[in-house]
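What follows is a short report on a single structure.
Residue numbers start from 1 in every chain, and the chains themselves are labelled A, B, ... in the order their sequence lines are given, proteins ahead of strands.
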There are 2 protein chains.
Amino acid sequence: MSLAHVILGLLQQQEQTGYDLKTECFDQCIAHLWPADQAQIYRTLDKLESQGWIDCTVEIQRDRPNRKIYRVTTAGAAELTRWLQTHQPLPIAREPLLVQLYFAAQLPDEAILQLLRAELAAHQAKLSTCNQIEAPPLHDSTASREQMLRRLALELLCRREQTYLDWLTEAIALFSNTA
Amino acid sequence: MSLAHVILGLLQQQEQTGYDLKTECFDQCIAHLWPADQAQIYRTLDKLESQGWIDCTVEIQRDRPNRKIYRVTTAGAAELTRWLQTHQPLPIAREPLLVQLYFAAQLPDEAILQLLRAELAAHQAKLSTCNQIEAPPLHDSTASREQMLRRLALELLCRREQTYLDWLTEAIALFSNTA
DNA sequence: GTCCTATATATGACTAGTCTTATATTAGCA
DNA sequence: TGCTAATATAAGACTAGTCATATATAGGAC
């Protein structure tokens, strides 16, 4: 249940509501690390609260629905620290495009090229959104520890997209030659 | 429901049982593209059959449980061809390690290094299993179209692992210097 | 003799995540 | 006047995937 730990981490940085988590964290950069929809965020908040890892105070608003502001408890902080140091299993990446290529021998080159070009465009778009996330360069010694670690995480995202782009470009060249 | 299409593809190559699919396909190379457990394979076979995309004949065995040998129907073959040409959404990669790094500022360097080293070892192991999958080199002109496409898919898997290894090695160096 | 493995299929219980809709109020726009 | 967007939380229905267990038979290991 890593989503629970993402939320613990975010709440430790700043106490906030489920709505804030969704609009300011998950819809922004966290989406690249661990996408989550609104329903899942609220359910995980409920679970974290019943576990005693977070608690909340209700801020009564007249003109808007009340806000439940969550913060990490002592037990929650201990759990986060424990989890942060525990090696997690490798992520399972299920890649529809690779499956398609694996069975694509029956398709004409032009159909394969269309698949590859569509994937290339999608990865180019993703790389450009990753590049738009602000972060100091990897070897900037004035950056804080937080900034450096975030830059490091972001760096892998960008490199992964670049790996895709390089591979797709070569694959397209391969099929363009034989076509 | 890509697992359904993986199974359609595999059955189109060779009619076989759920047990065969599990032990000879999913436990071997397909696991790298689309891992699936036994329960999910059998349930998907049921669903594919009720959709009319596959059918089966029962081979009665005296000394062993009977075998249900599945094959792709005409409708199933048409569905596979359609799916193979349809652009699929980018895979969602949820990376626990990146989440950990993102919130790791509170940890000492040594704890971060331990995380990075464990991940490096895991990715080294994965790369070596990927490298053990037999496939002709990418530019071997004597390879069949099937072999070439499989080599291409495998090539991305290997490059992805190499990208991880490079990034992890640099990250480890970064923290070893500051430590 | 008992345990484990292989062969083969099936199902129950569960987790994580998605999609949709409900509720309630305010503000802005056309 | 009616529509939409923003602010907030909640829950129902569903899908995909995981984990464990059940069933049945044969053969080999200890």
Of the candidate nucleotides D:dT18, C:dA24, C:dA8, which contains the atom at the shortest distance from the side chain of B:Gln40? D:dT18

Check this for me: does any side-chain nitrogen of one of B:Arg159 and A:Asp166 sit under 4.0 Å from a carboxylate oxygen of the other? no

With a 4.0 Å cutoff (strictly under), does any side-chain N or O of B:Arg67 reach OP1 or OP2 of C:dA8? yes

Looking at the side chain of B:Asp37, which of D:dG17, C:dA8, D:dC19 is the nearest nucleotide? D:dC19

Check: D:dA10 base within 3.5 Å donor-acceptor of A:Gln38 side chain: yes

In numerical order, the residues of residues 15-28 of chain A whose heavy atoms come under 4.0 Å of DNA chain D are A:Thr17, A:Gly18, A:Tyr19

Checking one residue: A:Ile69. Which other hydrophobic residues are in its cluster under the side-chain 4.5 Å linking rule? none

Looking at the side chain of B:Arg94, which of C:dG17, D:dA16, C:dA24 is the nearest nucleotide? C:dG17

Pair B:Glu59 + B:Arg64: basic N to acidic O under 4.0 Å: no

With the side chain of A:Ala39 defined as its heavy atoms from C-beta on, choose the nearest nucleotide among D:dA8, C:dC19, D:dC19. C:dC19

Quiz question: going by heavy-atom distance under 3.5 Å, is there a donor-acceptor pair between the base of D:dT18 and the side chain of B:Arg43? yes

Would you please test A:Arg160 and A:Glu155 for salt bridge (Lys or Arg N to Asp or Glu O under 4.0 Å) and show each step? CA-CA 9 Å; A:Arg160 180 162 59 193; A:Glu155 176 70 18; over 6 Å; no

Under 30°, 30 to 60°, or over 60°: which ring-plane class applies to B:Trp53 and B:His5, parallel, tilted or perpendicular? tilted

Are B:Asp109 and A:Arg145 ion-paired here, with the side-chain N under 4.0 Å from a carboxylate O? yes

A:Tyr42 has an atom OH; how far is it from atom P of D:dA11, in whole Å? 12 Å

